[in-house]
Structure formats: C-alpha cells, structure tokens
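Computed from a predicted structure; not experimentally measured.
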Amino acid sequence: MFLVLLWLVHVPIVARTVLRPGAVLACATVVFLLPLAAPWTGVAVVVAGIAAACALLVAFTITLERNPS
C-alpha cells in the first residue's frame with residue numbers, strides 16, 4: 001500500500017516517475033495476497049515472499065533505469 005500511495009503522490013509532482021505503475025501494482029498485489037496463504041505455507045514463507053517481491057521490484061526498477069527502452 002505504501003508503494004502505491006508513494007507512486008500516486010509523485011505522479012503530479014515529477015514529469016516521469018521511476019517506479020512503473022504496473023510493477024508497483026503487481027508488487028502490492030503480491031504483498032496483499034500472500035498473507036492469505038499463511039495457514040497453508042507458514043509465516044516464514046509469507047515473509048520471504050513479500051521480501052522477494054519487494055526486492056524484485058527494486059531490481060526491476062534499477063534495471064529499467066540503467067537500460068531505458
């Protein structure tokens with residue numbers, strides 16, 4: 001939720017945001033839905049999944065910044 005709100009605040013301020021809206025929404029969806037799997041997978045898997053989703057968002061953003069298409 002924080003990333004979505006951060007993106008929404010920066011859209012009117014800057015000409016081009018670094019975070020892509022599709023990537024942010026995908027990461028936010030994973031963060032919101034993974035806790036629903038906790039009864040079957042365990043809390044450790046959920047925490048690891050959320051950390052992985054956030055790390056992938058950062059890696060995706062850095063990669064796109066270095067190699068703009």
Side-chain angles (χ1 to χ4, degrees):
M1 186 66 159
F2 172 74
L3 290 174
V4 174
L5 292 174
L6 180 67
W7 179 78
L8 286 172
V9 167
H10 281 89
V11 167
I13 298 172
V14 294
R16 184 174 123 342
T17 59
V18 175
L19 295 172
R20 305 283 171 110
V24 171
L25 292 175
C27 184
T29 302
V30 168
V31 168
F32 283 131
L33 293 179
L34 265 177
L36 297 176
W40 298 281
T41 61
V43 175
V45 173
V46 171
V47 171
I50 291 172
C54 292
L56 285 173
L57 176 64
V58 170
F60 179 72
T61 302
I62 290 172
T63 302
L64 287 179
E65 277 297 305
R66 289 186 180 169
N67 302 321
S69 300

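Applying the 4.5 Å side-chain rule to ILVMFWY residues, one finds Leu36 in the same cluster as Leu33. When hydrophobic residues (I, L, V, M, F, W, Y) are linked wherever their side-chain heavy atoms come within less than 4.5 Å, the members clustered with Val31 are Val30, Leu34, Val46, Ile50.
With values rounded to the nearest 0.5 angstrom, Thr29 atom OG1 is found 6.0 Å from Leu25 atom CG.
Under the rule for a side-chain contact (heavy atoms from CB on, under 4.5 Å), the partners of Ile62 that lie at least two apart in sequence or sit in another chain are Val58, Arg66.
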